[in-house]
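These values consider heavy atoms only, across backbone and side chains, with no hydrogens, waters or symmetry-generated copies. In what follows, chains carry the letters A, B, and so on, assigned in the order in which the sequence lines appear, proteins first and then strands, with residues in each chain numbered from 1.
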Amino acid sequence: MIDLGKYAGTVLAAYGVSAVLLIGLIWQSVAANARARRALEKQEENG
Amino acid sequence: MSIWEYANPVKFMRSSGAILPWVVAGAAVCTIGGVLWGFLTPQDYKQGATVKIVFLHVPAAMMAINIWVMMLVTSLIWLIRRHHVSALAAKAAAPIGAVMTLIALMTGAIWGQPMWGSWWEWDPRLTSFLILFLFYIGYIALWAAVEDPDSAADLTGVLCLVGSVFALLSRYAVLFWNQGLHQGASLSVAPGERMSAVYRYPLYLSMLGFLLLFLALVLIRTRTEIRKRRLVALQAREARA
Amino acid sequence: MLALLKRDLVLATRAGGGFGLAVAFFLILCALVPFGVGPQTEALRPIAPGILWVGALLSCLLSLDRIFALDHEDGSLDLLATAPLPLEGVVAIKALAHWLTTSLPLIVAAPVFGLLLHLPGNAVPWLVVSLFIGTPALSVLGAFGAAITVGLRRGGLLLSLLVLPLYIPTLIFGTEIVRRGAQDADPVTPILFLGGISAAVVALVPFAAAAALRVNLR
Amino acid sequence: MLALLKRDLVLATRAGGGFGLAVAFFLILCALVPFGVGPQTEALRPIAPGILWVGALLSCLLSLDRIFALDHEDGSLDLLATAPLPLEGVVAIKALAHWLTTSLPLIVAAPVFGLLLHLPGNAVPWLVVSLFIGTPALSVLGAFGAAITVGLRRGGLLLSLLVLPLYIPTLIFGTEIVRRGAQDADPVTPILFLGGISAAVVALVPFAAAAALRVNLR
Amino acid sequence: MTLLSVTDLAVARGGMRVVEGVSFSLHPGAALILRGPNGIGKTSLLRTLAGLQPAVSGSIEHDEDAIAYAAHADGLKPALTAAENLRFWADVFGGFPIEAALEAMELTALADRPAGALSAGQKRRLGLARLLVTGRPVWMLDEPTVSLDAQSVERFARVIGQHLEAGGAAILATHIDLGLTGADVLDLTPFRARPGQGARPAGFNEAFA
Amino acid sequence: MTLLSVTDLAVARGGMRVVEGVSFSLHPGAALILRGPNGIGKTSLLRTLAGLQPAVSGSIEHDEDAIAYAAHADGLKPALTAAENLRFWADVFGGFPIEAALEAMELTALADRPAGALSAGQKRRLGLARLLVTGRPVWMLDEPTVSLDAQSVERFARVIGQHLEAGGAAILATHIDLGLTGADVLDLTPFRARPGQGARPAGFNEAFA
Ligand code: HEM
Ligand SMILES: Nc1ncnc2c1ncn2[C@@H]1O[C@H](COP(=O)(O)OP(=O)(O)OP(=O)(O)O)[C@@H](O)[C@H]1O
Ligand SMILES: Nc1ncnc2c1ncn2[C@@H]1O[C@H](COP(=O)(O)OP(=O)(O)OP(=O)(O)O)[C@@H](O)[C@H]1O
Ligand SMILES: [Mg+2]
Ligand SMILES: [Mg+2]
């Protein structure tokens, strides 16, 4: 494990917050895309 | 074939579908690579381990501004050339820009705690970013509030135009209001102020990664918007019939 | 009753429902004040509790103006009034839905915005506590104001004018809690007062609001 | 054009027009702040310019939300758009009418409310000057926001969200004038900036507002 | 047994009585059609019967929870789907199943569509489907067929017919002929209120006239 | 001389074309009555002709300042008197006298009454009186007779007749027979837009369908 010195909490917090935000955004984008694709497919099937 | 034809929704779906896997792969490699590499860089003699935050903070800050510029351009394309996909791309980009701004703000705030001894200072740069965040929120809220898509595209386009002018104006007003603590652009080529190569190359890589990540996300989100619009359009046609 | 609560929550979170607008407005208010007052920590710290409370109060207020107006316009209010729900219950549920969708996010966001205004760290829990106790009264009083102005075309400003004076006791005790908390003084007395006000308002004001609605429906 | 100005002024002053509501709201805001911040002169004096400006800004904003909405609802806006008036002119005139009926009373009342907040006497003329120069920009920017949100059902809060960030430069230079005035420093630079912003906004933003109105009319 | 009986009713609108001296009663299986020119007071009468506004004088007798009212506006939320809208009202009125109601108004195919994306006629049908999930015997309908095409009007008439057969009753204010056999017609024109009469003023406008 | 000529016009509403291929021209003294079922696009067509919304394709030619438009809503301010309302529009359109217009719609006695205290039909008459003070030759009327009683309809038809005699023209969307002799009728039903045609999409809903 690399040594982060006395600022370990700060650095980890920064990386953690960024990871949460980015992964949240990616997850939301992908999920919304899948939802839209399913809804559209259903609509196009029905006519 | 002119570049404008890419704005045709069907063509856009086809070509974006083709390049998307490559962009996603590139984004994953560069972002994860850049950020990891940055995380593993040695400590700075002055700032200690906190320099590692720069590999998130600076790319996010850069993208936060670039995305707004991209939205301005696509809004103008919509307002002038009426390319529907371009309007939807602006809509799709806004939440990404807002998250980037938020990352820059939050990593900055976390960084400020050890460096300046407080979470937040009304430094001009920080303040300008807060204002940019407000503009993003207003833009997103307007898209959400207007039901008719044509009106929504037009109104948000006008808002983006006016907002850009005022975002710039606010930046100068804020500079007048308070001289700050934040360091200047250390990526500038002014000799002597440059970052050492240990930090510079991972920073470049993660900036590229954030750019690709943005591209991948805009493509995905624009495709989502197109599908949603198509669904609504088909339903509207049925309801009319 | 539960159906109504569920519907209002769903409506608020769907597109166009305005979920989050109040928090955004709160953020803007908190950002504007330093532009007016100046960026120095010494200037901001003492006024932070007051600004946060006034900001929460205004965001709460401005998100209230359409609480009944939309239902009035699309006819739901007429139908609800003829449904087997007491109108008092409808008011209470709508105020609860408003509290959940507006005040709760405000309470969560308030500590973060407190940072912007350099609120001392030891005051933060008291800010949350005071908002938690006080905001139900704000929602219910706001619902009362909204019920009075439901049919009016220039409701917004008039509503503020009617409701803000009613908010004064809540504001006084709310900020007092935070101020005492910041000075490590004993905040129990204002907490008791604030709790009493909130309880009384939540228990009694829905009846007045329902009466006002009945008048506006006929 | 003059006919439109006259009509808007008459409408504002007739019953139900809401003349004076903005000043009343301003008064309530100025009265709320001491409740939130504490009544000590030392606490109030430094923040007085900022609070007065933020209060003026909010009162101005909240009275704006219906500037086009009422005309939209009763069909006047359609008819005005087909009348031999340029829509840009309509926007400008309506902003002017709003300024005359709302901002002007605010400017007159501001010194009095300054007393409530212990604004230093030597700052009072600068307060009036800064409001006088700055409020036209507020009215026109508000008209822009109102034009964008004219057809929406939850306009109020959204309008604030769109417009308040645009108000930031005005606010900064406005309070800077008052602050420098209070310290007997030279307020010419911010006055020039504020004047420039106001002039540019009044000259250009009506075009953007008219474009937004046209979109909302179709 | 009567579901609703009205005696010597006077109804006000805008502070003045519009109709007065109205009496009728409604048995299970009966339908009453209100007629009269614009502005005579049909809407006001229905609102009074539904309990939305107080009667000026006279009496209205019915069981508690007997009346389902359908106004000009349908009370639909554009952001909710057709099924969600209907389920909400079903829950409010005690959990009746919505499938049959959707079926009856031929909305099953549209159940998952947001109400805002329905055409005017489809919205109206959804508004009327609400009546079926209230489970209440007396329906009060204010111009129920506005913006319905001929086919939907017919279907709606059939739905009313079934409701009447099942022992319900209905009062309708309408200008068109629904083809309800055996419905009574009440023309309100002879009941137009005359100013200066009546012991109790209906509001400021009458008290000071 | 033609006052208005329309060629191959396509009109959209809600992001989709509703009617297309409409052509006609209007000479002084001519009246054109638009017919068609609900929702066919009469209102949208009139709004396009009045310049409130852009045409999808086709051309509309008329002199600047030729058109006076009267919509469903009358644009009256309840707080102003009838005369004040009318004078405002007269001033906007260039200062025509209002007395004749009040006279023609039989509103002289009500001139000093606030518009909010007028009945629906009186409001409508005031809205129509506005046309007389615009001084414009081409009147576009969207269901002008809504909430007018038979007598007022007749008077209004006379006013239109005089306008035509004086060299004006009128387009009316209406469901009832006004008794205008010599008026052309244009039924919009055959012009209903077919989806999937037209080079340029009218809006999002067409571009993505
Ligand atoms: C919330 C607060 C902050 C925001 C919004 C913010 C914003 C920015 C922006 C926009 C940049 C990019 C500048 C450019 O590339 O030209 C940047 C870079 C940078 N920031 Fe921050 N910052 C914040 C807090 C901080 C803090 C607290 C520190 C540490 C003391 C810091 C250190 C840096 C460094 C070292 C850079 C890279 C050098 C440079 O390119 O300018 N920032 N920041
Ligand atoms: N808000 C109001 N204020 C004052 N008077 C009103 C108001 N609404 C309606 N009125 C008046 O009350 C009378 C009765 O109106 P009501 O709506 O009951 O008529 P109606 O028979 O339903 O007419 P319609 O056939 O047009 O629906 C009318 O003369 C009308 O002018
Ligand atoms: N705001 C809107 N959004 C989407 N579609 C709309 C909107 N308003 C109207 N429409 C649709 O546009 C079409 C044309 O409407 P329009 O109002 O022009 O019809 P109309 O012929 O005037 O009908 P009516 O006789 O009922 O007045 C209708 O099918 C309607 O459903
Ligand atoms: Mg009626
Ligand atoms: Mg129409």
TODO: For ring pair (Phe, Tyr, Trp, His ring centres under 6.0 Å), just list the numbers for A/Tyr15 and B/Phe39, CA-CA rounded to whole Å, side-chain angles, deciding distance to a tenth of an Å, and then say yes or no.
DONE: CA-CA 9 Å; A/Tyr15 274 74; B/Phe39 189 74; 4.9 Å; yes
TODO: Would you mind checking which part of B/Ile220 comes under 4.5 Å of any heavy atom in chain A, side chain (CB onward), backbone (N, CA, C, O), both or neither?
DONE: both
Task: B/Leu36 atom CG, over 12 foreign heavy atoms within 6.0 Å - done: yes
- [ ] For this output row, return yes or no: ring centroids of B/His83 and B/Trp78 closer than 6.0 angstrom.
- [x] no
TODO: Measure B/Arg221 against the heavy atoms of chain A and call it side chain, backbone, both or neither at under 4.5 Å.
DONE: side chain
Open item on the list: Using a 3.5 Å distance criterion without hydrogens, assess whether the side chain of B/Arg223 forms a donor-acceptor pair with backbone atoms of B/Met13.
Closed with: yes
- [ ] Check each atom of B/Ile226 against the heavy atoms of chain A and say whether the ones under 4.5 Å are side chain, backbone, both or neither.
- [x] neither
Open item on the list: At a 4.5 Å cut-off on heavy atoms, which part of B/Ile103 comes close to chain A: side chain, backbone, both, or neither?
Closed with: both
